[in-house]
Amino acid sequence: MEESIAKLMQRKAGPDTVVVKGWLRTKRDSKTISFLEVNDGSSLKGIQVVVDKGTFNNPGIIDQLSTGCSVVCTGKIVESMGGSQSVELAADSVEIVGECPSDTYPLQKKRHSLEYLREIAHLRPRTNTIGAVARVRNCMAYAVHTFFQQNGFYYVNTPLITASDCEGAGAMFQVTTLDLNKVPHTADGAVDYSKDFFGKRASLTVSGQLEGETYAMALKNIYTFGPTFRAENSVTKRHLAEFWMIEPEMAFCNLDGDRAVVESFLKFVFGAVLRDCPDDLEFFDKLVEPGLIAKLQHVVDTPFAHLEYTDAIAELEKAKVQFDFKPYWGCDLQTEHERYLSETVCHGPVAVTDYPKEIKSFYMKANEDGKTVAAMDVLVPRLGEIVGGSEREYRYDVLVDKMKALGMREEDYWWYLDLRRFGSVPHAGFGLGFERAVMYATGMQNIRDVIPYPRAVGSAEF
RNA sequence: UCCCCUGUAGCUCAGUCGGUAGAGCAGGUGGCUGUUAACCACCCUGUCGGCGGUUCAAGUCCGUCCGGGGGAGCCA
């Protein structure tokens, strides 16, 4: 394996000949000397390659170098005379691997708008911002697996194509091989899905939770981490049609246990970014969200507060600030409420639990009071909700009654109900939208800038 | 789906009361310098998103369609 530029720049000056491969970000020329900044994505800042035209064997090549071209440079690591880097490469040779015509190359040595970069999503990872996002995203994905693996969770791959509409979490994308110009019909005029690929109507999954629960009933602690799809007709900076979700599920676990896992999980993931991506975070802190590092450090250092929904509403009702939406018992918390609870009441992350059953999903465990369910949202400063979770209803009769009340058909969930018939145990879990977490860690304001190729309504270029 | 904003040079944007378009950056040329988004001078660059309308005259006003952004709803 070749040494990355990030590794090379940690070296001390030495007599060894080293090779630098990467893309030219900028060239600063003078009569006798030329400075090249070469980046290979291993760090925000590239290595400075210095060409002394007097001793260089191929000075003509310098004129052919332009922003974006790929190069192979060989030379020795030397101490830098400039102020912005400790070492640099004194080049013996520079070779152009792929040229990059400057009159048509869409990226320039200047700041571009993120909107413009979205139009050239295939080139934008070469920019500072999107490159840094990619490294932070990678760090977080690795940390997610590390956290669960270290704590005895098994990684379960739940299906992407499903025939069940989990919890009605959102509009679904239909999956079919039927000829849309010749859709087969049954005698009563409905679409005849028995002729379709799966013999029944199928869709892309909106959540792997129900399938995840089945494996938690065997492996005790599991997690999923994969793509999820919502055909929601919403174009916002916080929604995607295709996004990645993390959904752990723990058997023999109640809501308090769930809350404890969330807290250590979030602290671990954000802690990993603080530890492993300091340069990228500094960049985001400086140019994207001032105070970002302090915000993340605060999440890592502060014990999460805990408020029951009823107490949270009481706090909101006595708040001195004017909300756009007046809070009352039974209302769903608006983002403004969530931020107030986290920022003003708790001064840090807070888990709000025990919500009214009417505003939560069918599978959440009913509490003794008959009014609330064992649900939990983790709220963080500046963002609001970052995680939603619950203890699941594990009592067969209670669950069936609830489904009936909602008009759900038992036979559609026969396998899910089987879990409550055969060795049922209290269990709990939560879901985290990975891109939302990456937004929080980077300060990026639009979800389309934290995933390589965003899919949204009317937008699936590339 | 609803509401608001927006579309002008390769990029970021200005363009007043309607009178046939301008700056910075990028690019080109030359100069200068161990430079750091280098710097200095000069030069080049336009179906003003599309279509239609009002007007002597439309980048500017009106209608409509398309693209982009933000908010609401819904959520992860």
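Here is the naming used below: chain letters follow the sequence lines, and residue numbers restart at 1 for every chain. Computed from heavy atoms alone, side chains included, the values below leave out hydrogens, waters and symmetry copies.
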**OP:** For RNA chain B, produce a single dot-bracket line, 5' to 3'. Pairs: Watson-Crick or G-U wobble, both distances under 3.5 Å. Symbols: ( ) within strand, [ ] crossing, | other strand, . unpaired.
**Re:** (((((((..((((.....[..)))).(((((.......))))).....(((((..]....))))))))))))....
Original post:
With distance as the sole criterion, do the side chain of R28(A) and the base of rC39(B) form a donor-acceptor contact below 3.5 Å?
Top reply: no
Subject >> Nearest to side-chain heavy atoms of M245(A), which nucleotide of rC75(B), rA76(B), rU36(B) >> reply: rA76(B)
Subject >> Sidechain N-carboxylate O distance under 4.0 Å for R135(A), D279(A) >> reply: no
Original post:
In whole Å, what is the span from the CG atom of D63(A) to the P atom of rG27(B)?
Top reply: 14 Å
Subject >> Options rA76(B), rG69(B), rG73(B), nucleotide nearest the side-chain atoms of T236(A) >> reply: rG73(B)
Original post:
For the residue pair Y223(A) and F153(A), does the interplanar ring angle fall in the parallel (under 30°), tilted (30 to 60°) or perpendicular (over 60°) class?
Top reply: perpendicular
**OP:** Look at the aromatic rings of F225(A) and H145(A) and report parallel, tilted or perpendicular, splitting at 30° and 60°.
**Re:** tilted
Original post:
Considering only heavy atoms and no angle criterion, is a donor-acceptor pair shorter than 3.5 Å present between the side chain of E119(A) and the base of rG68(B)?
Top reply: no
Original post:
Tell me: CG of D449(A) to P of rG68(B), nearest whole Å?
Top reply: 14 Å
**OP:** Specify the separation, in whole Å, of atom NZ of K237(A) and atom P of rC5(B).
**Re:** 18 Å
**OP:** To the nearest Å, give me how far apart CD1 (I447(A)) and P (rC74(B)) are.
**Re:** 18 Å
Subject >> Ring-face cation of K360(A) near Y309(A) (centre distance under 6.0 Å, axis angle within 45°) >> reply: no
Subject >> Gap in Å between the two P atoms, one belonging to rA76(B) and one to rC5(B), rounded >> reply: 32 Å
Original post:
When the distance from OH of Y105(A) to C1' of rG10(B) is rounded to whole Å, what number comes out?
Top reply: 14 Å
Subject >> Donor/acceptor link under 3.5 angstrom from H112(A) side chain onto base of rC11(B) >> reply: no
Subject >> Separation of the P atoms in rA58(B) and rG50(B), to the nearest angstrom >> reply: 15 Å
**OP:** Return the orientation label for the H112(A) and Y116(A) ring planes: parallel under 30°, perpendicular over 60°, tilted otherwise.
**Re:** tilted
Original post:
Any donor-acceptor pair under 3.5 Å between the side chain of E88(A) and the base of rG34(B)?
Top reply: yes
Original post:
How is Q108(A) classified with respect to the nucleic acid when contacts are heavy atoms under 4.0 Å: base, sugar-phosphate, or nothing?
Top reply: base
Original post:
L107(A) near the nucleic acid: base, sugar-phosphate alone, or nothing, with a heavy-atom cut-off under 4.0 Å?
Top reply: nothing
Original post:
Rounding to the closest angstrom, what is the interatomic distance between rU60(B) and rU55(B) at atom P?
Top reply: 16 Å
Original post:
Nearest to the side chain of N446(A) - rG34(B), rC75(B), rG69(B)?
Top reply: rG69(B)
Subject >> Integer-rounded Å distance: rU36(B) C1' and N39(A) CG >> reply: 14 Å
Subject >> Sugar-phosphate, base or nothing in reach of D29(A), heavy atoms under 4.0 Å >> reply: base
Original post:
Please give, in whole Å, the distance from rG71(B) P to E336(A) CD?
Top reply: 14 Å
Original post:
Within this structure, what is the CZ-to-C1' distance between R118(A) and rG69(B), rounded to whole angstrom?
Top reply: 8 Å
Subject >> Distance between C1' atoms of rG18(B) and rU54(B) (Å, rounded) >> reply: 12 Å
**OP:** Report the nucleotide, chosen from rG34(B), rA76(B), rG70(B), that has the shortest atom-to-atom distance to any side-chain atom of R230(A).
**Re:** rA76(B)
**OP:** Take H427(A) and E213(A) through the side-chain contact (heavy atoms from CB on, under 4.5 Å) test and state the conclusion after the steps.
**Re:** CA-CA 8 Å; H427(A) 58 291; E213(A) 283 186 47; 2.7 Å; yes
Original post:
Touch check for Q85(A), heavy atoms < 4.0 angstrom, all strands: base, sugar-phosphate only, or nothing?
Top reply: base
Subject >> Upstream residue (5' side of RNA chain B) when T32(A) and Q445(A) are each assigned their closest nucleotide >> reply: T32(A)
**OP:** Mark yes when over 12 heavy atoms from residues, nucleotides or ligands other than K371(A) sit less than 6.0 Å from its NZ; otherwise mark no.
**Re:** no
Original post:
Is F35(A) stacked on the base of rG34(B), with ring centres under 5.5 Å apart and planes under 30° apart?
Top reply: no
**OP:** Identify which nucleotide among rG34(B), rU12(B), rA76(B) has an atom closest to any side-chain atom of F243(A), counting heavy atoms from C-beta outward.
**Re:** rA76(B)
**OP:** Look at the side chain of Q48(A) and the base of rU35(B), then say whether one donor and one acceptor between them are separated by less than 3.5 Å.
**Re:** yes
Original post:
Hey, does F325(A) reach any base, or is it just sugar-phosphate, or nothing, if we go heavy atoms under 4.0 Å?
Top reply: sugar-phosphate
**OP:** Using a 4.0 Å heavy-atom cut-off across all strands, classify T67(A) as base, sugar-phosphate, or nothing.
**Re:** nothing
